Number of protein chains: 2
Amino acid sequence: MTRPSEEGLIARYFAPLAAPGALGLADDAACFAPKPGHDLVVTVDAVVAGVHFLPDDPPESVAHKALGVNLSDLAAKGAEPSGFLLTLALPDDWSEVWLAGFATGLAAAAAESRCGLLGGDTVRAAGPLSLSVTAIGQVPPGRMVRRTTAGLGDRICVSGTVGDAVLGLTLLTGSPGWHAALSGEARAHCIDRYRRPQARLALASALLAHASAAMDISDGLVGDLTKMMRVSGLGAVVDLQAVPFSEAAQTAMAAEPGLRDRLVTGGDDYEILACLPQSRLDAFLAEAGRSGVPVAVIGEVVAAEGVVFRDGSVPHTFASGSFSHF
Amino acid sequence: MTRPSEEGLIARYFAPLAAPGALGLADDAACFAPKPGHDLVVTVDAVVAGVHFLPDDPPESVAHKALGVNLSDLAAKGAEPSGFLLTLALPDDWSEVWLAGFATGLAAAAAESRCGLLGGDTVRAAGPLSLSVTAIGQVPPGRMVRRTTAGLGDRICVSGTVGDAVLGLTLLTGSPGWHAALSGEARAHCIDRYRRPQARLALASALLAHASAAMDISDGLVGDLTKMMRVSGLGAVVDLQAVPFSEAAQTAMAAEPGLRDRLVTGGDDYEILACLPQSRLDAFLAEAGRSGVPVAVIGEVVAAEGVVFRDGSVPHTFASGSFSHF
């Protein structure tokens, strides 16, 4: 099969996705005008086959994940997306069919989040497929929601549900005992949560208005909350009974009660973990409700070192604290 | 040997390089305030071991190249650097010694160009070492120098000297016949040009003030000029006798006269190719002179398709037009 040149690839698959400032990707750089007086919020995250996604994941979902994990960072910072840049390192056996599917998925993910492609680079690398995305967003001046600024007495909130992605990954890579307990729909839900994280961009303005600190959960609720408290110089108490789980996760836990620890320590949730001063909690929950993103209060920031997890009134410890993609 | 965690790597090697807005790299994203009313110029380019640099190149020079090739794009667009983000995909056999050298080189390259680290991601990928850099710069509103806007009758200029990098690569990978003709110093010069491209940031303000179009030369003078004319819908006439070569390159060509074709078609120059309206040429050359960057006039934009190369008055054709890293 004849493969197109890099210029041909760009023209065929990526130029249609170009943001207005990207000049059709025909220049060396993109140019865009930030909102007057706004701060830029920039982040970069890479995903690698066999580490962050499975080598046989559909190309559409790989695109969705590469962009989604970065938009999730913007959402946690209260930022509105402006655009993104993509580096695609293709393995020796790349095919144009794969690339066409990838471009379709990327176009859909970019359109959903109103975040256009500002530039990119395509290189050959004799190794696993890897993708690096730089996402750029904007916030009013001085208002980026930080990770390091949790306040004593803050309520700790988490969006959506926790642990579905690790269930999805487990389903894709083995035959867990709880497999039979889940309906086909429930299994599909978990797999979709693993493959296609949905950045909680709808929550950004509520975070911006009310949160004292926030981050997205990529390495598991337990590990990421522990990190956030450490960099804030505080501790936390969390009630595991308040952690929100999907119906699928509840069914799996009913079949295998020990599973909960994996759900709260596993990676790839891409939900938002936020700290809210008590005085802002009600307003935040109301605004989150209007945005359509469910939010649960799971604990409180305290003057201590580390995070104490309780199961109702019983202290709970984890054998393994945090997932790491590195 | 115990290897540090990703958090440990960031704290030890990359946090010292953090730009003010990068919040010590302890957050999910960096935040910075663009100059009021300025446009953002963004670009991304990756470099891969065995493709863009040699696997045994010193780690300091790998850092220099990864940043330099991106700053070169900013320079060509007339932009002043604001900061950069880095994705580092480490192969299985990475060592902390390598990483320490890399961080040292990156710190030096970032300091030279006053371009701070805004964020990054470190991933493991079982393949060659690869690095993706997103560079962010700023220009006054609407003023980014484009690639696509060459004007009929413009003079075509090139900065510095052409072809040294391809000589350096040839020296590093073989024993060319002209090897003995070069002094040790001349060989070192060529190798350094290959390994550590110097972005022509000093030329950015002169380009901004006077150029109708510009790009940096990464895939060879012949191929890149041909691309620039094609996207501008024009042609060009270039006199090869006007192309600037270093003393080292002149010595090599004296030993092997056929070499000139490779010098003007080889990659990795990272010089600036610019089009200047005749009315702006003198002012541009004067300002370039004050910036300390040599600039040569090599040809003219004409109403035609393609680029005609002449050797004095004799038309010249190339067997192979353009180098491609892809």
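Predicted, not measured: the structure shown is a model, and the values here were computed from it. Residue numbers start from 1 in every chain, and the chains themselves are labelled A, B, ... in the order their sequence lines are given, proteins ahead of strands. In what follows, every heavy atom counts, from backbone to side chain, and hydrogens, waters and symmetry copies are set aside.
- For the pair A:D121 (side chain) and B:A46 (backbone), a donor-acceptor distance under 3.5 Å is present.
- When each of A:L85, A:L86, A:V44 is paired with B:V44, the side-chain contact (heavy atoms from CB on, under 4.5 Å) condition holds for A:L85 and for no other.
- Of the listed residues A:A135, A:S130, A:G37, A:P34, the one with more heavy-atom pairs under 4.5 angstrom with chain B than any other is A:P34.
- For the options B:G119, B:A125, B:P141, B:G142, heavy-atom pairs under 4.5 Å to chain A are most numerous at B:A125.
- Neither the backbone nor the side chain of B:R143 comes within contact range of chain A; no heavy atom of the residue lies under 4.5 Å from a heavy atom of that chain.
- With values rounded to the nearest 0.5 angstrom, A:R147 atom CZ is found 4.0 Å from B:D28 atom CG.
- With a threshold of 4.5 angstrom between heavy atoms, B:D216 approaches chain A through its backbone and through its side chain.
- Both the backbone and the side chain of B:A30 come within less than 4.5 Å of a heavy atom of chain A.
- Between A:V42 and B:I136, some side-chain heavy-atom pair lies under the 4.5 Å cut-off.
- Interface remark: of the candidates B:A89, B:G120, B:S82, B:A76, B:G120 forms the most heavy-atom pairs closer than 4.5 Å to chain A.
- When heavy atoms are compared at a cutoff of 4.5 Å, A:A33 approaches chain B by way of both its backbone and its side chain.
- Interface remark: B:A79 contributes no atoms to any contact with chain A (heavy atom separation under 4.5 Å).
- The residue among A:L74, A:T43, A:T148 with the most heavy atom pairs within less than 4.5 Å of chain B is A:T43.
- Taking both residues in full, the closest heavy atoms of B:V123 and A:H52 are given as CG1-CE1, 3.7 Å, listed atom of the first, atom of the second, then distance.
- Nearest heavy-atom pair, A:M144 versus B:A29, reported as atom, atom and distance to 0.1 Å: CE-O, 3.6 Å.
- Shown here for A:R146 and B:D27, the closest heavy-atom pair between the two residues is CA-OD2, 3.2 Å.
- For the pair B:L40 and A:L40, the minimum side-chain heavy-atom distance is below 4.5 Å.
- Contact of A:P36 with chain B is not made at all, since no heavy-atom distance falls under 4.5 Å.
- Only the side chain of B:V48 comes within contact range of chain A, with heavy atoms under 4.5 Å apart.
- Within 6.0 Å of the CD atom in A:E80, the count of heavy atoms belonging to other residues, nucleotides or ligands does not exceed 12.
- Using a 4.5 Å cut-off between heavy atoms, A:A214 touches chain B through its backbone atoms (N, CA, C, O) alone.
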